[in-house]
Each structure stands twice: as C-alpha cells, then as structure tokens.
Amino acid sequence: MTPDVSIVGLGRVGLPLALSFADRGLNVLGVDNDADRLATVGEGRMPFEETGADELLARVHASGRLELSDRVPDAARAESIVLTLGTPSFSHIEIDMRDIRSVLDDLLPVLRPGHSIVLRSTIAPGTTEFVAGYLERRRDLKAGEDVFVAHAPERIAAGRFLEEIGTLPCIVGGVGEASTERAAALFEVFGAPIQRTTPVQAELAKIWTNILRYATFALPNLLMMDCEQYGANVFEVIDLINRDYPRGGIALPGLTAGTCLRKDFAFSEERSHAPGMLLAVSRVNESVPLFLVEGMKRRLGNLRGRKVAVLGLAFKRDTDDERDSLAHKLVRLLERELADVVPHDPHVETVTASFDEAIADADAVVVATNHSEFSGPGVLNVIRDSSAAECLIVDPWNAFGAGQVFAYVAELVALSAS
Ligand SMILES: NC(=O)c1ccc[n+]([C@@H]2O[C@H](COP(=O)([O-])OP(=O)(O)OC[C@H]3O[C@@H](n4cnc5c(N)ncnc54)[C@H](O)[C@@H]3O)[C@@H](O)[C@H]2O)c1
C-alpha cells in the first residue's frame, strides 16, 4: 500500500494518532525505532493504557490500514509526515531536540518536493522555523513552496485521546499559507475546528496551555503548605474562596507533574523576561512530596522502620504513565527516612504490592495518585480494618472526601460518615 500519512514516533501521542487516522480511512505508516514497541503493536496489543484504544487497535489491525516500520526513511513513502517524537528538556533549561534532529537527518536524503512535515510534538518557540531553515540549508528545499512545514501541537490529555481528537480545536501554524493548508487538510479528517495561525503562535499556544495548568495547580499547592503553617484546613479555605464567588476559583491541591507539565515551562524559561517566575512555580509543585514527608514526621516522629503504604505511582489519575511522577519522588524521599515503603498501583507497569498487602498494619497511608480505585469513604473503612490502629492518612487530593490532608484513620472515618 502507499501510505497517505506517516507517523514517526509511536508513543502516547503518536500511536493513538496513527490509529485514529487509520480509523478515518487513511493508509498509515507507523515508524518507531523501539523494536519491542513495534512488535507489541504488530501483535495487536497496546503498549500502554489509553481509553478505548484496545478496541480501536483491533479494528485497525483487521482493516490492514496500519503498516509498521523501524526505518525513518520509509516515512517518506507518504506525502505527509507527522513527527510525534519526545522533546524532553535538558537540565540547562533548554529544549532537547536530539530526536527531532536525528529524524530530520534520516529524512533529508529521501525528501522530495511536495512532502509535508508536521511537527506534532511540543516544541520551543522558533523550532518550526528552525526545521524549515534546516531543510533549506541542507537540501535547498524551500518551506511553503517546495516542501511544507507546519506545527500542529497535540493538546489532548492522556486518557481522553479518542474523546477529544474529534472535538478539541486543532491549532495549525505553517511556514507560509500553503504549509498551513496542507496540514489543515490532513487534520480536517477528524472533524474538529481548525485554528490557523503562524508557527510561533502555535508553539506559544501549546506551551502556555501547559504553563497555565502547571501554575494553576501550584497555587493550591502553595496554599496547602501555608495552611499547614497556620494550622488551617486547606479544603475549608478553598471552599471559602470559591463558594458563590463570581470571578473564577482556585483549583484543588495534589501532586502536579508528569512528563509534559514538568518540562514544558522550560521552553518558555529558556528566554523569559521574568526569569525565575516559572521556576518558582516548578519549585512549589516539586516540593509537595517533601511537604508531605515533613508533615508525616511532625505527626509520627521518626519514620525509620515505619510501614508507609503509597497508593498510586502514576503521574495522574487513571493512567499507567509513570514518567516524571511525583509519587516516585515521594517514595525516594520516604526511603531516605528509612521507612518501609510499600507502593500499590493497579495501573502501572512497575510491579507493586497488592492493595491488601500495602495497607496491612501500615503506620501511614499516602494517596499519591487519585486513581478512581482510591476514591470514596468505602476504601477508608477497608484501611481502618487492616492498618495499624493509629494509622496516619495523608490525602492531599481529598480522595476520601473527608477534607483533611493529614488525619488519623479513626478520625477520618468519623468525619466522612458525618
Ligand atoms: N503524553 C502526552 O500526554 C502528551 C500530550 C501532549 C503533547 N505531548 C508531546 O508530544 C510529544 C511526544 O510525547 P509522547 O508522550 O508521545 O512521547 P513518547 O516518548 O511516548 O513517544 C515518542 C516515541 O518516539 C520514538 N522515537 C524516539 N526517537 C526516535 C527515532 N529517532 N526514530 C523513530 N522513533 C523514535 C520512541 O521510541 C517513542 O515510541 C512530546 O513533545 C510531548 O511533549 C505529549
């Protein structure tokens, strides 16, 4: 088959996108250099959780519209090439573009006039123009005339891909109008509104979508720490702020990180006019695990040899994605206190104890990820029946609904029953 579109990078963004294009009737070539990943997908199995994707993969598999390759140059068999590679940040506050550079170098010899390259990854401002300039310098292909280069950032949240691909406005910023139109024509197949703009505006819109979320959650996290200092209850203060107040509200606290939120602010911070502002936001979110450990020590004393159950290792609710999860940081900090840490997570690839094993005789139980499985007062009753009598519950998400970040289990059961 001649593919209509190639997707380079079959990760959490690329694979659902490849499957969705195939499901809309396009012939798709999926390219990845991870042999295990290709084998898994080739066998019709999803390598990670994504709501509805198992059924979608089975459907696409049966249709024969998804072909796989481990060779980047094969991507040039399709006129449209979408790059969904990882774009981490260096610790030097700088985007790490090594995957993108490497794929561009692989594509250079096989690019032809008429090819369209769409950057779907999150990228620092100026990267789309850099790619256009790179192609012109290395191959004398002018973007917008000979080849087409655009940024169409992915803004869908993990777990919601199939729900949002057809509804979330798709931002498209091309180098020249023709590049924008080529990319728009490709993504129009999903039926979501297309917002046409310039490359740099598309880049900024994506980065700042994530910065907004990162900063939004830093505020209640800072408030949670302030409340501990003043002996106040953060959930009550938030209710006082938000109730019937007509000018917006504050979010709830939690462990805020994940592979995108933790790094994307760095793409703005690279050349910020307010250096430090977003670093401070990052510092607040990154210090929540330490805040929780310090709060436990204030109540339980030395944690050496105490059993601490950590519920959840994923970076957010109902996902198996552990990348840059603060739950792992929490585990590491607890281990540095010589506590006996027993994590449990029903979603992730890391092997963890069962729920029953984790909470049995626990001196403390921390809800690190607010998975659905940990919600509601019923879970609390099970913990009370199995944990140590004076078990400290740490629930920054208010998963149990009792409105306490730190409280002993008996106290919490009484509160949630009232
Ligand atoms: N995960 C999310 O929820 C999400 C949401 C929005 C945007 N993004 C952005 O989308 C981009 C991709 O994120 P992701 O989570 O899918 O990353 P990922 O690490 O899951 O996927 C990247 C894939 O590219 C492959 N790859 C890397 N180098 C390659 C090469 N040289 N040749 C072929 N394949 C190669 C990897 O094997 C991997 O499968 C990032 O820029 C990220 O910031 C991610």
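Atoms within each ligand, like the ligands themselves, are counted from 1 in listed order. FYI, side chains are in, hydrogens and waters are out, and symmetry mates aren't considered; it's all heavy atoms of this structure.
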Legend entry - Protein contact to atom 43 (O) of ligand 1 [nearest heavy atom, distance to 0.1 Å]: Lys263 NZ, 2.8 Å

Inset, instruction - Please find out if less than 6.0 Å separates the ring center of Phe374 from that of Phe400. - result: no

Inset, instruction - Please determine if Arg247 forms a cation-pi arrangement with Tyr245, meaning its NZ or CZ atom is less than 6.0 Å from the six-membered ring centre and no more than 45° off the ring axis. - result: yes

Legend entry - Distance from atom 21 (O) of ligand 1 to nearest protein heavy atom, with residue and atom: Gly11 CA, 3.2 Å

Legend entry - Per-residue contact class, Cys260 against ligand 1 - non-hydrogen pairs under 4.0 Å: side chain

Legend entry - Nearest neighbour in protein (non-hydrogen) for atom 6 (C) of ligand 1: Glu154 O, 3.3 Å

Inset, instruction - Measure the distance from atom 29 (C) of ligand 1 to every protein heavy atom, then report the residue, atom name and distance (to 0.1 Å) of the closest one. - result: Asn33 ND2, 3.3 Å

Inset, instruction - Can you measure from SG (Cys391) to CZ (Arg384) and round to the nearest 0.5 angstrom? - result: 12.0 Å

Legend entry - ligand 1 N/O within reach of Asp32 N/O, cut-off under 3.5 Å: yes

Inset, instruction - Note the single closest protein heavy atom to atom 24 (O) of ligand 1, along with its residue, its atom name and the distance in Å. - result: Gly9 CA, 3.3 Å

Inset, instruction - Write out the residue and atom name of the closest protein heavy atom to atom 1 (N) of ligand 1, then the distance separating them to 0.1 Å. - result: Arg323 NH2, 3.7 Å

Inset, instruction - Nearest heavy atom to atom 28 (N) of ligand 1 wins, so pick from Asp321, Asp99, Leu15, Thr259. - result: Asp99

Legend entry - Arg299, CZ atom: more than 12 neighbouring heavy atoms under 6.0 Å: yes

Legend entry - Polar atom proximity, Thr122 to ligand 1 (N or O, under 3.5 Å): yes

Legend entry - Subset of ligand 1 atoms that lie under 4.0 Å from at least one heavy atom of Ser102: 31 (N)

Inset, instruction - Please work out whether any backbone atom (N, CA, C, O) or any side-chain heavy atom from C-beta onward of Asp106 is under 4.0 Å from ligand 1, and answer side chain, backbone, both or neither. - result: neither

Inset, instruction - State the atoms of ligand 1, each with its element, that fall below the 4.0 Å cut-off from a heavy-atom position in Val72. - result: 32 (N)

Legend entry - Test of proximity, Asp264 against ligand 1: N or O pairs below 3.5 Å: no

Inset, instruction - Can you pull out the closest protein heavy atom to atom 5 (C) of ligand 1? Residue, atom name and distance to 0.1 Å, please. - result: Ile156 O, 3.7 Å

Inset, instruction - May I ask which of Leu85, Val8, Thr87 has a heavy atom nearer to atom 11 (C) of ligand 1 than the others do? - result: Leu85

Legend entry - Which of the ligand 1 atoms, numbered from 1, are nearer than 4.0 Å to a heavy atom of Gly86: 22 (C)

Legend entry - ligand 1 N/O within reach of Arg120 N/O, cut-off under 3.5 Å: no

Legend entry - Test item, Arg155 contacting ligand 1 (heavy atom, 4.0 angstrom): no

Inset, instruction - Output yes when the distance from some N or O of ligand 1 to some N or O of Val13 is under 3.5 Å, and no in every other case. - result: yes

